[in-house]
Amino acid sequence: MKITFPDGSAREYADGMTALEIAAEISPRLAKATLVCELDGKLADAFRPISGDHTVRFLDWKEEGGRWGYRHTASHILAQAVKRLFPDVTLAIGPAIDTGFYYDFDKPEPFSADDLTKIEEEMERISREDLSLERFELPREEAIRYMQEKGEPYKVELIQDLPEDAIISFYKQGDFVDLCAGPHMQSTGKVKNMKLMSLAGAYWRGSEKNKMLQRIYGTAFEKKADLDEYLFRMEEAKKRDHRKLGRELDLFDIHDEGPGFPFFYPNGMVIRNGLENFWREQHQKRGYKELRTPIILNRDLWIRSGHWDHYKNNMYFTKIDDMDYAVKPMNCPGAILSYKRKIYSYRDLPERLAELGLVHRHELSGALHGLMRVRCFTQDDAHIFMTPEQIRPELLGVIEKFQYFYGTFGFKYYVELSTRPENSMGSDEQWEEATDALRAALDACGLPYKVNEGDGAFYGPKIDFHLEDAIGRTWQCGTIQLDFQMPERFDLTYVGADNEKHRPVMIHTVVFGSIERFIGILTEHCAGAFPAWLAPVQAKVLTITDRANDRAAQVRDMLREAGMRAECDLRNEKVGFKIREAQMQKVPYMLVIGDKEVEQGVLAVRSRREGDLGTMTPEAFVQKLQKEIDEKQN
RNA sequence: GCUGAUGUAGCUCAGUCGGUAGAGCACCUCAUUGGUAAUGAGGAGGUAGGCAGUUCGAAUCUGCUCAUCAGCUCCA
């Protein structure tokens, strides 16, 4: 048979050789590194005989497919271990994921933490037993009967839902058999360095209408050192948790008295105000005008906007003079009423109306998460009202704004295009047109994106920007939504050049997403060491003895005069202690003043990052810090 | 909302078999005036998330409830 390799070269091999055997002929190291392979572009077992002409790629740990095969095999080992220890458990599904793998089980009594330890030991045993994996296929009816006999109802359901022509394959290792498309490693002994991470509930097939199963999360690495490093990184990441840093740095907190309703303390307000100022400045430059609309508006408005029908579960309600009102979950109706206050000409468009609007949403209690998921938050909203011709340039302008914002903070981001959801308003044509416009804008910018089917807003499709937190979870922050529905519902118009009324189109967009979530992400991103332009205290004046107190106060006042956030630490403590505290509070600059500095009229400057910078005059320091602030250095 | 776990001073945590609460940091006082990540001594501070129950007696056992954490679902 003729085997072609990725570089285009080809060679003849004996029919029936496996990818692993071919790899071994090329080099023993290649064979050792090969986890699974790609046969004509499709993932396949490297241990199964090949016949006929094919192209082959060997996948090692560096390839996603390689890791996937390794970890998916680990998930089978997990299932086998559970079956050995708890024979009455039934199996659901167990895929590999980005950070490892999981397996869902149906077990009457929940797993305990001790069970996890036992399971882990059993997994190691299975690895040591080095059981070979075998693959076999069964016709549909036989496959169903096979799983029925094994007492695996979830597997039966999975097979029944497979397309008629699907190949139904199983993998066997020792006495354990699982329905699986593969690919896998050749034996359990090849999978090492497995670690079970956590237990959780998970709905069968991801639907809350179904039974909740028990999910065991684990991870596995080819090299022990990589596993150790991963575990270490997770530990380190926990130290960056914004909920912990928020308390330590006295930025914000959430009390039991108001679950999901965060408090911002003075230090946190500095960051918030800094972000808002930046936001105002940037939007002013881009031709946006600012609005402020009420938090509570009457029932009629929410019925008209569609929120009453499509968003009621997430809204808070109240009565005023015996009439129904709702607390706004979104700012758009306010912006729309503002648009309707007068007659717009096509010459006035696009009209870009921005609002830092406080919204309230009733989120499920289990979904709350620090500042990332709260029940009241400020969206840095903007609504653009425009003619259809302006859609493209406006979308491009908004995307440019996003890139500028995230670039300023040094964030990595992932883009998703979310399409029409089930519970939505409008016609298919409108949705298609809006979705195409968003897609075209993304393509024009060359932004890579993933399509998220059915995840749009009820009034339109959207482009979402996801940012990462300390442990790699991503959170949707920015969004750009194109809306043909609201203008229709509210009968929005503008007068065209033809003196006729026309229907404008709307863009709803937020860059930060919510100020709260953004601060959460930012806190984790910089581990609490905010860039100087946002740091709650930018410079702290530390005295060595109380002989320097007057001078310290003078320096502080001078910095404040220059618009900087400066504090003194005049306490009767040693400098080492004061430095330690300022350092832990992540103050960008510490200005040490002792007898020498008083005498020479200088400051001994210490940077939180670079340590002692030597002495400089107060004027020189102001200049240095001002430059750092102006440039928004990270 | 669902599954599981957790809930002791402002923070981080300890507390053997149910016998009536302990440390470090922070805070206050005093001494000390010291050069780049913790000076020393003393003091004050909690009725154990909340409610109910079992018991002679509960932080320790039971039930309910609230909140938090992990995940699911949902979402900015």
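All of these numbers come straight from a predicted model, not from anything done at the bench. Each chain gets a letter, A, B and so on, in the order the sequences are listed, and its residues count up from 1.
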Distance-only donor-acceptor pairs under 3.5 Å for side chains of residues 375-382 of chain A, two or more places apart:
residue	atom	partner	partner atom	Å
A/R375	NE	A/E363	O	3.0
A/R375	NH2	A/E363	O	2.8
A/T378	OG1	A/R272	NH2	2.8
A/D380	OD1	A/F512	N	3.2
A/D380	OD1	A/G513	N	3.0
A/D380	OD2	A/W279	NE1	3.3
A/D380	OD2	A/V511	N	3.0
A/D380	OD2	A/F512	N	2.9
A/D381	OD2	A/N331	ND2	2.8

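You'll find the ring centres of A/F105 and A/F86 outside the 6.0 Å limit. Ring centroids of A/Y103 and A/F101 are separated by 6.0 Å or more, keeping the two rings apart. Proximity of the aromatic rings of A/Y413 and A/F411 is defined here by a centroid distance below 6.0 angstrom, and this criterion is not met.
Spacing between B/G22 and B/G45 at atom C1', rounded to whole Å, works out to 13 Å. Distance check on atom P: B/U36 versus B/C72 gives 49 Å, rounded to whole Å. Separation of the C1' atoms belonging to B/A5 and B/G46 is 25 Å when rounded to the nearest angstrom. With P as the reference atom, B/A14 and B/A9 are 13 Å apart, rounded to whole Å. Separation of the C1' atoms belonging to B/C64 and B/A26 is 36 Å when rounded to the nearest angstrom. Nucleotides B/G15 and B/G7 have their C1' atoms positioned 16 Å apart, rounded to a whole Å. Using C1' as the reference atom, B/A58 and B/G19 are 9 Å apart when rounded to the nearest Å. Taking atom C1' on both nucleotides, B/U47 is separated from B/U60 by 14 Å, rounded to a whole Å.
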Base versus backbone protein contacts along nucleotides 1-13 of chain B [heavy-atom cut-off under 4.0 Å; B, S, -]: BBBS-------S-
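Atom CG of A/L368 is separated from atom C1' of B/U73 by 13 Å (rounded to the nearest Å). Computed from coordinates, the A/K209 NZ to B/C72 C1' distance equals 14 Å when rounded to whole Å. Between A/H255 atom NE2 and B/C66 atom C1' the separation is 16 Å, expressed in whole Å. Counting to the nearest Å, the C1' atom of B/C72 and the NE2 atom of A/H369 are 15 Å from each other. Note: OH (A/Y589) to C1' (B/U36) measures 16 Å, nearest angstrom. The nearest whole Å value for the distance from the CD atom in A/E235 to the P atom in B/A70 is 13 Å. Rounded to whole Å, the distance from NE2 on A/H307 to P on B/A76 is 11 Å. Computed from coordinates, the A/D253 CG to B/U68 P distance equals 11 Å when rounded to whole Å.
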Watson-Crick and G-U pairing of RNA chain B written in dot-bracket, each distance under 3.5 angstrom, with | for inter-strand partners: (((((((..((((.....[..)))).(((((.......))))).....(((((..]....))))))))))))....
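A side chain to side chain donor-acceptor pair (under 3.5 Å) with A/D104 holds for exactly one of A/R205, A/Q214, A/R215; it is A/R215. Checking A/I399, A/T419, A/L417 one by one against A/L438, the side-chain contact (heavy atoms from CB on, under 4.5 Å) holds for a single residue, A/L417.
Ring geometry for A/H369 against A/W475 counts as tilted: the plane angle lies between 30° and 60°, on a 0 to 90° scale.
Between the side chains of A/K401 and A/Y288, a donor-acceptor pair is found at a separation under 3.5 Å. Using modelled atom types and a 3.5 Å distance limit, the side chains of A/T90 and A/K155 yield no donor-acceptor pair. Donor-acceptor pairing under 3.5 Å is recorded for the side chains of A/R551 and A/Q554. Using modelled atom types, one finds no donor on one side chain facing an acceptor on the other under 3.5 Å when comparing A/T615 with A/K596.
Side-chain nitrogen and oxygen atoms of A/R571 include none within less than 4.0 Å of the OP1 or OP2 phosphate oxygen of B/G34. For the pair A/Y217 and B/C72, the criterion of a side-chain N or O lying under 4.0 Å from OP1 or OP2 is met. Taking only side-chain nitrogens and oxygens, A/Q476 never comes nearer than 4.0 Å to OP1 or OP2 of B/C75. Within the 4.0 Å cut-off from OP1 or OP2 of B/G34, at least one side-chain nitrogen or oxygen of A/R547 is found. Between A/K574 and B/A37, a side-chain N or O to OP1/OP2 separation shorter than 4.0 Å is absent.
Legend: residues meeting ring pair (Phe, Tyr, Trp, His ring centres under 6.0 Å) with A/Y265, ordered by chain and number and at least two apart, are absent.
Look at A/W475 and the base of B/A76; the rings do not stack under the cut-offs of 5.5 Å between centres and 30° between planes.
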Restricting both atoms to N or O, compile the protein contacts to nucleotides 43-45 of chain B shorter than 3.5 Å, with distance only.
none

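Taking a 4.0 Å limit (strictly below) on heavy-atom distances, residues 576-585 of chain A reaches RNA chain B at A/G576, A/F577, A/I579, A/R580, A/Q583, A/M584.
The side-chain tip of A/R361 does not point at the ring of A/Y316 from less than 6.0 angstrom away and within 45° of straight on.
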